[in-house]
Structure formats: structure tokens, C-alpha cells
Amino acid sequence: MTEKVRVRFAPSPTGFLHIGGARTALFNWLFAKHNNGIFILRIEDTDRSRSTDEYIEAIIEGMKWLGLDWDEGPFRQTDRFEIYRNYADRLLKEGRAYYCYCSSEELEARRKIATALGRSPGYDGRCRYIKEPVPGITPAVRLKMPREGKTVVEDLIRGNITFDNAQLDDLIILRSDGTPTYNLTVVVDDVDMKITHIIRGDDHLNNTPKQIQLYNAFGYAIPKFAHLPMILGSDKARLSKRHGATSVMAYYEMGYLPEALVNYLVRLGWSYGDQEVFKREELIKYFSFENVGKAAAVFNPEKLLWLNSQYIINSSPEKLVELVKPFLLKEKIIDEGRIPDEVWLSKAVLTLRERAKTLVDLANSLRYYIADNIEYNEKARAKFLNEKSLPYLIELKDSLASVAEFSANEIEKIFHSLTERHGIKLGNLAQPVRVAMTGGAESPGIFEVLEIIGREKSLMRLDMAIKTIQSSREEL
RNA sequence: GUCCCCAUCGUCUAGCCCGGCCUAGGACAUCGCCCUUUCAAGGCGGUAACGCGGGUUCGAAUCCCGCUGGGGACGCCA
């Protein structure tokens with residue numbers, strides 16, 4: 001029997017959950033689900049000066065929004081300092097680690113000189129041989145790295161990667177203030193939490209041989225590694241703020257569906273034949289490292305937008321109503337106490353569904369259905385609300401006022417009889433009416449629009465359009 | 001500087017491991033056409049890629065070497 005798969009996502013709370021982190025979390029989650037394993041959330045907050053509780057909350061919020069639920073945690077490394085110290089002590093006692101009396105300033109200066117001389121900026125290991133304490137200095141603790149031989153990282157995505165031990169410098173595992181550093185905590189926790197597969201960004205590949213040496217120093221079995229390719233911006237540089245939104249929750253704000261983001265992210269570096277759109281169950285079923293690519297991928301917001309529109313089109317109007325509500329409030333299209341009738345809203349949403357790429361789009365398009373008054377787009381007004389259309393609008397208004405049933409079907413009949421009577425194209429009537437109803441020249445089918453707006457409001461808007469044309473005449 | 005990784009359309013990718021089925025497939029974007037009351041959606045079609053140079057082989061996008069290009073790491077950050 002193989003052991004149960006246990007993976008973790010281990011962000012440091014020094015910022016919001018960003019696109020790269022989200023994809024790492026997603027691949028961990030997918031791998032866990034695929035193997036019926038355990039997904040652990042661990043907060044790596046050992047750098048107390050940069051970690052905040054707000055960021056922890058933000059990361060959790062992002063994970064929840066994406067639907068990446070974890071089975072254990074969230075654990076915080078700051079709660080576990082005692083454990084790390086014990087492990088470090090053990091290494092010290094066994095002679096596998098030593099005290100380092102070099103100050104940060106000294107080290108910094110030496111690094112600078114080494115770089116300037118074109119030498120490796122790594123630590124030279126000088127304190128390794130000091131046996132007596134240096135008075136007045138509280139030391140840090142360093143791990144003794146092997147000076148010879150090679151370390152091989154067996155990576156599920158990249159295969160075997162060999163590093164020369166000579167280039168691994170003695171890394172600090174305990175700072176002079178006694179707090180543990182990343183390389184120690186990561187190994188201790190992964191051992192302690194029985195992590196079987198470490199799935200993380202490519203940028204950690206170079207840390208891996210050091211961590212393997214730490215596993216060796218402790219005498220623990222080495223887990224499997226899978227290093228994911230990075231996500232880059234359009235200029236092929238590491239994705240950062242200047243490439244636009246990188247925070248996951250910013251995509252919520254912009255009206256993206258979490259399913260769309262997940263779908264987009266998973267296809268960045270992973271593929272399953274020619275399939276582009278996946279249900280969550282399909283992702284779990286098909287996910288495998290065999291289909292994960294090795295090359296870094298450029299984040300392409302346009303494809304994400306397309307996916308989002310696909311997810312919107314395939315959502316039920318009822319679900320869309322729920323999703324769009326917060327945006328109606330945020331965009332000030334409705335007030336807190338005045339939520340429109342849900343059935344009516346669903347009908348309105350249905351007409352807009354294939355036209356909206358985001359929930360923000362949807363909310364804004366809903367505006368002309370919901371608002372009491374509309375504003376004309378100047379170009380559209382000038383083009384369609386004029387002397388030419390005036391008589392038709394007046395005639396239409398009368399017909400609509402008296403039609404028995406104010407339905408798209410009946411309205412269509414009225415339009416057709418009017419256009420036939422005058423020998424005009426449908427567009428000659430539909431476009432002016434569209435402007436009268438929505439303020440602009442684009443909308444869903446005009447008959448549906450009228451039906452949804454309703455008789456009373458439609459007549460009022462028609463009236464307003466007529467008056468607008470007449471008053472502009474008077475100005476001349 | 002040293003070390004590590006990577007390399008197919010503008011972008012995400014299939015194909016590469018196990019060479020011939022590849023006149024290199026799909027998707028986004030883009031362009032054109034159709035549908036049409038507008039805008040979308042949808043349908044159809046087009047433009048567009050194996051970084052370069054050497055090998056190996058009857059045959060290379062696929063295997064090997066070099067180069068170039070890109071990314072990453074070298075912290076008392078994670």
C-alpha cells in the first residue's frame with residue numbers, strides 16, 4: 001500500500017494572494033484531490049517584520065473565493081518556534097551545525113566585495129572552525145553543508161537535476177535572535193506534517209539541494225518534488241504589479257468568476273489535449289504532472305476574459321442574479337433596500353448574458369432596465385433621435401399604449417405593421433427606439449428590451465425622446 | 001560573476017519520452033465572410049510558429065552537442 005498523499009500550500013503573508021501563489025495552491029489542491037489526499041494550508045510567517053494578520057486573512061479570503069478548501073490548518077509557523085529550536089539544537093549537538101559570529105553588516109560587505117570581484121557571493125564558512133564563543137555577540141546558527149560530492153534533486157516535472165555540493169554554502173537555520181529561517185522551518189514542517197510531495201514554484205529549485213542536505217542531516221526520508229514553471233508578464237519578466245492586477249481578489253472586484261480564473265490558471269502550464277474548458281471534476285480527474293509543461297508562461301488577460309465570458313454564458317440566469325447583486329450595489333445601480341423582483345431580474349439578465357464579459361459589464365448593462373431615468377449617449381442621440389424618426393416614435397407610442405399584451409411577441413407585430421405601412425426598414429425604427437429606451441445604440445433585441453422595461457416606463461421614455469427631439473427643434 | 005532551469009504561431013499549448021502518420025493540430029487575440037433591428041453570441045474561412053549552427057539517421061519539431069536568447073537562484077526574505 002502506498003502512503004497517503006499529503007501536500008501543502010505554504011504562502012508567506014507578506015502580500016495578498018497573487019496569481020502565481022494561486023496557481024501553486026491550485027496545483028497542490030488538484031494533486032491532493034486527484035489522489036484522494038490531504039491538502040494543508042501553512043502560513044510561513046517567520047519573517048515577523050513583513051508578515052501581517054491582514055495578509056493572512058487576505059490569503060484565506062482568496063483561497064476560499066477560488067474554492068480551494070484545505071483539510072488541515074491553517075498552521076502558523078510563529079506558533080511553532082519551539083519545535084524548530086529543538087531541531088536546531090539537535091543539529092548543534094550532533095555537530096552538524098555551528099555558531100556563526102559574523103554580523104549581518106560584515107556579511108553584506110563581503111558579499112558586495114565578492115560580487116565586485118566576480119566571485120560567488122556565498123558564505124565562505126569561516127565560523128565553522130571557531131570553537132570559542134566571541135564575547136559580546138549573539139551568534140546565528142549555520143548548517144554544515146558537505147564540501148564534496150553532488151546532490152541530485154529528483155523532480156516530477158523536470159527529471160533529475162544535479163548540483164555540486166561545493167557551491168552550497170552553509171545556510172543560516174537560526175537567526176541571532178533565535179528565530180528560525182525559512183530553510184529550516186520548511187524542512188521541519190514538511191517532515192512534521194508528513195508531506196509526501198512538495199509542489200511549488202520554480203524559484204525554489206535552487207533551494208532544494210540545500211533542503212535535501214537538511215533532510216540528510218536529520219536523517220529523514222526525502223519527499224518528492226515538483227517545481228512548477230513561473231508565470232511571467234507580457235514582457236516576459238516576472239509577473240508584478242506593473243503588469244496589471246496580480247492580486248486574486250482584484251479579479252473578483254473586476255467581475256470575474258472564480259471558476260474562470262481557476263480554469264485559466266490551470267491551463268497555464270498544464271494541458272489535456274485540445275480541451276480548453278474544464279469542469280472542476282474534470283480537472284481533478286485529469287490532473288497529472290505528466291501534462292505539466294516546463295517552460296514559463298506569459299499571463300494573458302485576454303484569454304482569461306474570454307473564459308470568463310464563456311462561464312457567464314453557461315451560468316443560469318438565477319445564479320447570475322445572485323452573483324451580480326453585489327455589483328449592482330457597488331455600481332450604485334440599486335440601493336440597499338430596493339432589490340428588484342428576482343424573476344424579473346432573471347429575465348433581464350438572460351438577455352444580457354451573452355453580451356457581458358464580466359459581472360461588472362452585466363451590472364452596468366442592467367442599469368437601463370432598472371434605473372428610473374436614462375442618459376443619452378450624445379452620438380447615438382444625434383444620429384437617431386431626430387426629425388426623421390419623430391413621426392414613427394409618436395405613432396409607436398400610441399400603438400404601444402393601446403396594445404393588449406405588452407409582450408415581446410405583440411410588440412414585434414406592432415413594429416412590423418408600422419414599418420410595412422411606411423415602407424421603412426426595421427432598423428429605421430428599432431435604432432431610434434433603442435436609443436430612447438437604453439440611451440445608446442447597442443442592446444439586446446429591442447422587443448425584449450421593451451417587454452422587460454414594461455409599458456409604463458417604455459411610454460415615459462418614448463415620451464422623453466419625443467420631447468427631446470421637439471425641444472431641439474425649438475432651439476433652432 | 002557562478003550555478004540551475006527553459007526554448008513550437010503575438011499569447012496559452014498539442015506533437016517530443018517511443019524519429020516517418022506534421023504540406024505542425026487546437027484555443028485566445030487579429031482579419032474576412034455568413035447570420036442580423038444594433039451590439040453581442042454563434043457558424044465558416046484567412047494570416048501566423050518548430051530560435052540558430054552542427055551532428056546521428058534513408059528520414060528530425062522529435063535524439064546528441066554547441067551557440068544564442070529568456071527566466072531563476074546565490075539574504076540573519078520566503
Side-chain angles (χ1 to χ4, degrees), chain A residues 10-14 44-47 49-51 77 100 102-104 107-108 111 114-123 139-142 153 155 158-159 161-164 166-169 171-177 179-183 185-186 201-210 227 229-230 232 234 236-238 264 267-277 290-291 293-307 309 313 352-357 365 380 384 412 415 419 425-431 433-435 438 440-447:
Chain A
S12 69
T14 53
E44 310 221 321
D45 57 348
T46 53
D47 182 357
S49 62
R50 294 199 305 150
S51 303
Q77 293 189 320
C100 174
C102 301
S103 70
S104 315
L107 293 169
E108 175 84 17
R111 263 198 299 276
T115 311
L117 293 177
R119 283 205 287 261
S120 171
Y123 183 62
V141 176
R142 285 185 190 268
V153 177
D155 192 277
R158 277 147 218 283
I161 303 151
T162 307
F163 293 84
D164 252 313
Q167 40 143 335
L168 305 177
D169 57 349
L171 57 92
I172 289 183
I173 56 175
L174 236 44
R175 300 186 185 97
S176 49
D177 66 1
T179 60
T181 60
Y182 164 73
N183 281 299
T185 59
V186 112
D202 224 349
D203 46 341
H204 284 292
L205 194 51
N206 290 281
N207 283 325
T208 310
K210 300 179 189 177
H227 287 94
M230 302 266 86
L232 310 178
S234 49
K236 305 245 181 186
R238 202 187 180 128
Y264 178 71
R267 279 287 286 104
L268 219 47
W270 176 85
S271 61
Y272 188 77
D274 287 339
Q275 193 170 340
E276 294 287 348
V277 182
E290 276 179 35
N291 306 318
K294 298 176 186 178
V298 173
F299 186 81
N300 180 200
E302 279 168 341
K303 187 157 184 183
L304 170 59
L305 191 62
W306 172 77
L307 267 168
S309 70
I313 288 170
L352 261 14
R353 200 219 231 160
E354 64 209 23
R355 276 162 248 262
K357 292 200 185 298
S365 300
F384 296 113
E412 181 168 4
F415 268 67
T419 51
K425 283 185 189 162
L426 186 52
N428 295 145
L429 178 61
Q431 282 305 84
V433 175
R434 200 180 312 274
V435 179
T438 70
E442 302 114 43
S443 85
I446 192 64
F447 315 129

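In this entry the distance linking CG of A:Asn291 with P of B:rC16 reads 12 Å, nearest Å. Atom NZ of A:Lys236 is separated from atom P of B:rU11 by 5 Å (rounded to the nearest Å). The distance from atom CG of A:Asp169 to atom P of B:rA73 is 15 Å, rounded to the nearest whole Å. Between the OH atom of A:Tyr182 and the C1' atom of B:rA73 there is a distance of 12 Å, given to the nearest Å. What separates CZ of A:Arg111 from C1' of B:rA73 is a distance of 14 Å, to the nearest Å. Summarising the geometry, the separation between CD on A:Glu290 and C1' on B:rA14 is reported as 15 Å, rounded to the nearest angstrom. In this structure, NE2 of A:His204 is placed 14 Å from C1' of B:rG75, rounded to the nearest angstrom.
At distances below 3.5 Å, not a single donor-acceptor pair connects side-chain atoms of A:Gln431 with backbone N or O atoms of A:Val433. Listed for the A:Asp164 side chain is no donor-acceptor partner under 3.5 Å among the backbone atoms of A:Ala166.
Contacts of A:Asp155 classified as salt bridge (charged side-chain N to carboxylate O under 4.0 Å, His left out), with partners at least two apart in sequence or in another chain: none. Here A:Glu442 pairs with nothing under the salt bridge (charged side-chain N to carboxylate O under 4.0 Å, His left out) rule; sequence neighbours left out. The side chain to side chain contact (heavy atoms under 4.5 Å, CB included) check on A:Ile172 picks up A:Ala140, A:Arg142, A:Thr181, with sequence neighbours excluded. For A:Arg267, the side chain to side chain donor-acceptor pair (under 3.5 Å) partners at least two apart in sequence or on another chain are A:Glu276. Under the rule for a side chain to side chain donor-acceptor pair (under 3.5 Å), A:Asn300 has no partner lying at least two apart in sequence or in another chain. Take A:Arg158 and apply the side chain to side chain donor-acceptor pair (under 3.5 Å) test, not counting sequence neighbours, and it matches A:Asp202. For A:Thr162, the side chain to side chain contact (heavy atoms under 4.5 Å, CB included) partners are A:Lys150, A:Val152, not counting sequence neighbours. With sequence neighbours left out, A:Gln167 forms a side chain to side chain donor-acceptor pair (under 3.5 Å) with no residue at all.
Taking atom P in both B:rC77 and B:rC28, the straight-line distance is 47 Å, to the nearest Å. Atom name C1', nucleotides B:rG15 and B:rC50: the rounded distance is 10 Å, in whole Å. With both ends at atom P, the span from B:rC58 to B:rG70 equals 38 Å, rounded to whole Å. When the P atom is compared between B:rU30 and B:rG69, the two are found 33 Å apart, to the nearest whole Å. Nucleotides B:rC22 and B:rU8 place their C1' atoms 12 Å apart, quoted to the nearest Å. The gap from the C1' atom of B:rU62 to that of B:rC33 amounts to 38 Å, rounded to the nearest Å. Nucleotides B:rC64 and B:rA73 place their P atoms 28 Å apart, quoted to the nearest Å. Rounded to whole Å, the C1' atom of B:rU37 lies 33 Å from the corresponding atom of B:rU47.
Partner of A:Tyr182 under the side-chain hydrogen bond (donor to acceptor under 3.5 Å, both in side chains) criterion, out of A:His204, A:Gln77, A:Glu44: A:His204 alone.
Using a 4.0 Å heavy-atom distance criterion, A:Asn207 is classed as a base contact. When heavy atoms are screened at a 4.0 angstrom cut-off, A:Thr46 is found touching the sugar-phosphate backbone but no base atom. Within 4.0 Å of A:Leu107, counting heavy atoms only, lies at least one base atom of the nucleic acid.
Between A:Pro229 and A:Ala237, the residue anchored nearer the 5' end of RNA chain B, judged by the nucleotide with its closest heavy atom, is A:Pro229. Across the interface with RNA chain B, nearest-nucleotide mapping of A:Thr115 and A:Arg142 shows A:Thr115 to be the residue nearer the 5′ end.
Judged by Watson-Crick or G-U wobble contacts below 3.5 Å, the nucleotide B:rC58 has B:rG20 as its partner. Taking a pair to require two hydrogen-bonding distances under 3.5 Å in either a Watson-Crick or a G-U wobble arrangement, B:rA27 pairs with B:rU11.
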Pair A:Arg434-A:Thr438, side chain to side chain donor-acceptor pair (under 3.5 Å): steps then yes or no = CA-CA 6 Å; A:Arg434 200 180 312 274; A:Thr438 70; over 6 Å; no

Below 3.5 Å between N/O atoms, which protein atoms pair up with nucleotides 3-9 of chain B? Just atom names and distances, please.
residue : atom : partner  : partner atom : Å
B:rC3   : O2'  : A:Gln167 : OE1          : 3.0
B:rC3   : O2'  : A:Gln167 : NE2          : 2.8
B:rC5   : O2'  : A:Arg158 : NH1          : 2.4

Under-3.5 Å N/O pairs linking protein and nucleotides 17-19 of chain B:
none

Review item, nucleotides 63-69 of chain B N/O atoms under 3.5 Å of protein N/O:
none

task = Any chance you could list the contact pattern along nucleotides 27-45 of chain B? Use B for base contacts, S for sugar-phosphate-only contacts and - for none, protein heavy atoms under 4.0 Å, 5' to 3'.
result = BSS-------BBBBSS---

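Residue-to-nucleotide contacts include no donor-acceptor pair under 3.5 Å from the side chain of A:Ser120 to the base of B:rC74. Residue side chain A:Asp203 does not reach the base of B:rA78 through any donor-acceptor N/O pair under 3.5 Å, judged by distance alone.
Looking at heavy atoms from C-beta onward, A:Asn206 lies in side-chain contact with A:Phe163 at the 4.5 angstrom threshold.
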